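Since we're looking at a predicted model, the values are computed, not measured.
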Amino acid sequence: MSITIRSFGHTREGRPVTLLRMENAAGACAEVLDYGARLRSMVVPDRDGKPRDVCLGLDSVAEYEANGDYLGALVGRCANRIRGGRFRLGGREYALTVNQGANHLHGGARGFDRYVWEHRLEGGSVVFSRTSPAGEEGYPGLLRVEAAYTLTEDNALCLRLTAEADEDTVVNLTGHAYWNLNGQGAGEVGEHTLSIDAIAFTELAEDGCPNGTIASVVGTPFDLREPRALREGWDTTHPQIRLGGGYDHNWILRGDGLREAAVLRAPESGISLHLSTTQPGLQVYTANGLSARQGKSGASYVPRGAVALEGQGFPNAVNEPTFPTVVLAAGGIYQQEIVFAFRHD
């Protein structure tokens, strides 16, 4: 596996941005940026051996700075939504930046996706790191974070996430890549099939946060224990689908440790994505509100033109005592892993 490095321009503040390209002997390659520790490109062979870039991304730093869709970004300090931007921890109430209606989303107005991270090469991996100071976006405690990307020789992209804090705080990190297995810009992904190893999901309230109910998937569009075309789900009139404008929900994954949680397949290209994670939940977002825009190399991006599969803690978990905790104790170590393994049928 080889890694090449080149300049990707500068932020509006004048910070240089670097692109790092990982390529294996099988012809797969992944491009990552230190702006937002994000995945910009993922090229894998289809069933005929033709390379396809299956990850949405942009051609300049300025486009990323102007875009609010978190394309490929590492999101945090706390991914997903926190209701009202408020939570109590250690007997104290904290007020976070509110940036989606009344809620705090993906780390706030300037989350981790809006910073240039430090980077280094380590044993064939690209490792991004940054220190989030106490009080950033309202969070308690200084937090040191690392995100390591590794491309394997069998076409798997591994994302390892670690963090430690000097005070009790809230941490929930994930990658926000958008996938279209027919190729970025190939139109809607409604014919992609998705299966998820889950028998329950967290219902949404009107504000997009969980309402606290753990609901069975049985008899609903959320039953993806067997592969189902995404269009079959988002075309239903189920109240939860209408609330999300499509899929924008958290599935409660079975098992623990690093295990296969979901499989996404594209019948046209023959490419399949097998997602494994250590996280308790999987947020599936069918890009219902994706901005119609020009992507890499003139590709056209449209709503529902991709799907994000975000292994993470449950949304608003800090305010739901029955959900798995997203609190990181002072001196403790946060460790999670997400693996995107690409195959072709």
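- The one candidate from N182, D46, V44, N180 that meets the side chain to side chain contact (heavy atoms under 4.5 Å, CB included) condition with V54 is V44.
- Listed here is the closest heavy atom pair of R254 and R259: O-NE, 3.0 Å.
- Looking at heavy atoms from C-beta onward, F323 lies in side-chain contact with P210 at the 4.5 angstrom threshold.
- How far CG of N250 is from CG of N316: 11.5 Å, rounded to the nearest 0.5 Å.
- Taking all atoms of both residues into account, the shortest heavy-atom contact from D69 to G289 is OD1-O, 4.0 Å.
- By the criterion of side-chain heavy atoms lying less than 4.5 angstrom apart, applied directly or through intervening Ile, Leu, Val, Met, Phe, Trp or Tyr residues, L282 is grouped together with F340 in one hydrophobic cluster.
- Residues Y35 and L20 are members of separate hydrophobic clusters, defined by side-chain heavy-atom contacts under 4.5 angstrom among Ile, Leu, Val, Met, Phe, Trp and Tyr.
- Applying the side chain to side chain donor-acceptor pair (under 3.5 Å) rule to pairs touching residues 115-127 yields D34-H119, Y115-E136, R120-E122, R120-E146, S125-T150, sequence neighbours excluded.
- Residues satisfying the side-chain contact (heavy atoms from CB on, under 4.5 Å) criterion with L19, sequence neighbours excluded, are R6, F8, R21, E31, L33, R40.
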inquiry  = Could you go through T169 and R77, starting from their C-alpha distance and side-chain angles, then the distance that decides it, and tell me whether this counts as side chain to side chain donor-acceptor pair (under 3.5 Å)?
reply    = CA-CA 9 Å; T169 191; R77 181 177 302 194; 3.1 Å; yes
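- Considering only heavy atoms from C-beta on, L89 comes within 4.5 Å of P140 through its side chain.
- The two residues E137 and R110 have their closest heavy-atom pair at OE2-N, 3.3 Å.
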message = Quick one, V171 with L143, criterion side chain to side chain contact (heavy atoms under 4.5 Å, CB included). Give me CA distance, side-chain angles, the key distance, then yes/no.
response = CA-CA 9 Å; V171 183; L143 185 76; 3.7 Å; yes
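- Looking at T325, its side chain does come within 3.5 Å of a backbone N or O of V327 through a donor-acceptor pair.
- Side-chain contact between D113 and L74 is absent, with no heavy atoms from C-beta onward closer than 4.5 Å.
- Separation of atoms CD1 (I3) and SG (C29) is listed at 12.5 Å; rounding is to 0.5 Å.
- With Y149 contributing its side chain and A37 its backbone, the two residues share a donor-acceptor pair below 3.5 Å.
- The aromatic rings of F222 and H249 stand perpendicular to each other, their planes meeting at an angle above 60°, with 30° marking the opposite boundary.
- In this structure, the side chains of N24 and T152 stay at 4.5 Å or more apart for every pair of heavy atoms.
- To the nearest 0.5 Å, the span separating CG on L105 from CG on L96 amounts to 12.0 Å.
- Rounded to the nearest 0.5 Å, atoms OG (S272) and CZ (F342) are 9.5 Å apart.
- Checking side-chain atoms of N288 against main-chain N and O of G244 turns up a donor-acceptor pair under 3.5 Å.
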request  = Report the C-alpha distance between R343 and I271 in whole Å, list the side-chain angles of each, state the deciding distance to 0.1 Å, and finish with yes or no for side chain to side chain contact (heavy atoms under 4.5 Å, CB included).
outcome  = CA-CA 6 Å; R343 305 171 190 168; I271 297 172; over 6 Å; no
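- In terms of heavy-atom proximity, C78 sits nearest to V170 at SG-CG1, 3.8 Å.
- Not one N or O on the side chain of E203 forms a donor-acceptor pair closer than 3.5 Å with the backbone of Q240.
- A ring-centre distance under 6.0 Å is not found for F314 and W251.
- Using a 4.5 Å heavy-atom threshold, the side chains of T4 and M22 count as separate.
- Remark: the backbone N or O of L173 is paired with a side-chain donor or acceptor of Y334 at under 3.5 angstrom.
- Side-chain N or O atoms of E63 include one that pairs as donor or acceptor with a backbone N or O of S60 at under 3.5 Å.
- Of the residues D197, T277, I199, the one that meets the side chain to side chain contact (heavy atoms under 4.5 Å, CB included) test with L253 is T277.
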request  = Show the numbers, then the answer: is there a side chain to side chain donor-acceptor pair (under 3.5 Å) between E260 and S276?
outcome  = CA-CA 4 Å; E260 184 170 283; S276 299; 4.8 Å; no
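- Atom CG of L258 sits in a crowded spot, with more than 12 heavy atoms from other residues, nucleotides or ligands closer than 6.0 Å.
- Taking the charged nitrogens against the carboxylate oxygens, K50 and D48 have no contact shorter than 4.0 Å, which rules out a salt bridge.
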query = Please walk me through it: do D248 and Q283 pass side chain to side chain donor-acceptor pair (under 3.5 Å)?
reply = CA-CA 7 Å; D248 191 7; Q283 183 82 12; 2.9 Å; yes
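- Surrounding CD of E206 are at most 12 heavy atoms belonging to other residues, nucleotides or ligands under 6.0 Å away.
- Within the 4.5 Å cutoff, the side chain of I241 has heavy atoms near those of the Y247 side chain.
- The main-chain N or O of E13 is never found under 3.5 Å from a side-chain atom of R15 such that the two would form a donor-acceptor pair.
- For the pair G298 and D59, the tightest heavy-atom approach, listed with the atom from each and the gap, is N-OD2, 4.5 Å.
- Within the 3.5 Å criterion, the main-chain N or O of L71 finds a donor-acceptor partner in the side chain of R38.
- A chain of hydrophobic side-chain contacts below 4.5 Å, direct or via other Ile, Leu, Val, Met, Phe, Trp or Tyr residues, connects W179 to V32.
- Note on L157 and I5: same hydrophobic cluster, where clusters join Ile, Leu, Val, Met, Phe, Trp and Tyr whose side-chain heavy atoms are under 4.5 Å apart, directly or indirectly.
- Ring pair F87/Y139 is tilted by interplanar angle, where 30° to 60° counts as tilted.
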key: Steps toward side chain to side chain contact (heavy atoms under 4.5 Å, CB included) verdict (V98, N103)   = CA-CA 5 Å; V98 171; N103 298 324; 5.7 Å; no
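- Atom CG of L243 and atom NE2 of H238 lie 10.0 Å apart (nearest 0.5 Å).
- A donor-acceptor pair under 3.5 Å links the side-chain atoms of R47 to the main chain of P267, judged by distance alone.
- How far OG of S216 is from CD1 of I252: 10.0 Å, rounded to the nearest 0.5 Å.
- Contact record, L181 with L273: CD1-N, 3.9 Å, taken as the closest heavy-atom pair.
- Residues V145 and I82 fall into different hydrophobic clusters, defined by Ile, Leu, Val, Met, Phe, Trp and Tyr side chains chained together at heavy-atom separations under 4.5 Å.
- Under the 4.5 Å side-chain criterion, counting only non-hydrogen atoms from C-beta, Q184 is in contact with L56.
- A search for side-chain contact (heavy atoms from CB on, under 4.5 Å) contacts involving A79 returns V75, H106, N172, T174, Q312, not counting sequence neighbours.
- For the pair N211 and L204, the minimum side-chain heavy-atom distance is 4.5 Å or more.
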